[in-house]
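Read through the structure below, which is laid out as structure tokens, and then see the notes.
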Amino acid sequence: MRFKIVQAGEPVLRRKAKEISPGDVRSRETQQLIEWMRETMYDAPGVGLAAPQIGLDLQLAVIEDKPEYTKDALPGFLKERERNPVPFHVIINPKITLLGDSDLQFFEGCLSVAGFTALVPRARKVKVECLDHQGQAKTIEAPGWYARILQHEIDHLHGMLYIDRMHPRTFMSVDNFNRHWKDMPVSEVLRAIGIEQ
Ligand code: ZN
């Protein structure tokens, strides 16, 4: 089954989601929910999907960055973003610690702000303590693009969207991004768009 992904303006996207007890994580209902969220994420397609995006205020998100998503990207593009494939996994009740001494800025999008993108500064590295799909405690240390995905999804569980953190002047349609900005280095985008660095 595939869920409908709600769009910005839906109240659930602005609420802090509720924690799930380890016992409830192992329930049939939650296991089925995880499977359907996985299918919904693949169908979109996206590299992450948080429960509020399908209208549920639960602290649960699914993540997977498949190799096929980046098969046409240039090696330099992937290297700059420190983007590597991430296998499917679930994060529940996550507590995030931002690491690394500087932010990285890259264009980012969201299935709940469909058709748009913007430059978003994010920490280069994070530590996340959470439960996994079986309700077991787990610690994740992630650099690069995976760290960005985790920050984006965990923001969803706290009622935040990337538009709260973006450079507002870089907000644009995906069509215009592909037309004018896609192949430009970020430093040049910032200059062309009139942002002081
Ligand atoms: Zn999102």
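The structure displayed is predicted, hence computed values, not measured ones. Counting starts at 1 for both ligands and their atoms, following the listed order. Excluded from the calculations below are hydrogen atoms, water molecules and symmetry mates; all remaining heavy atoms, backbone and side chain alike, are included.
- Note on the Zn ion (ligand 1): protein N, O or S atoms under 2.8 Å away count 3, no waters included.
- With salt bridges taken as basic N to acidic carboxylate O contacts below 4.0 Å, none links Glu35 and Arg28.
- Glu141 is linked by a salt bridge (charged side-chain N to carboxylate O under 4.0 Å, His left out) to nothing, counting only residues two or more places apart in sequence or in another chain.
- The hydrophobic cluster containing Leu13, built from Ile/Leu/Val/Met/Phe/Trp/Tyr side-chain heavy atoms closer than 4.5 Å, also comprises Val6, Val12.
- For His89, the ring-ring contact (aromatic ring centres under 6.0 Å, His included) partners at least two apart in sequence or on another chain are Tyr146.
- In this structure, the side chains of Arg83 and Tyr69 come closer than 4.5 Å at one or more pairs of heavy atoms.
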Task: salt bridge (charged side-chain N to carboxylate O under 4.0 Å, His left out) between Glu108 and Arg165, worked out - done: CA-CA 11 Å; Glu108 186 174 314; Arg165 301 189 185 276; over 6 Å; no
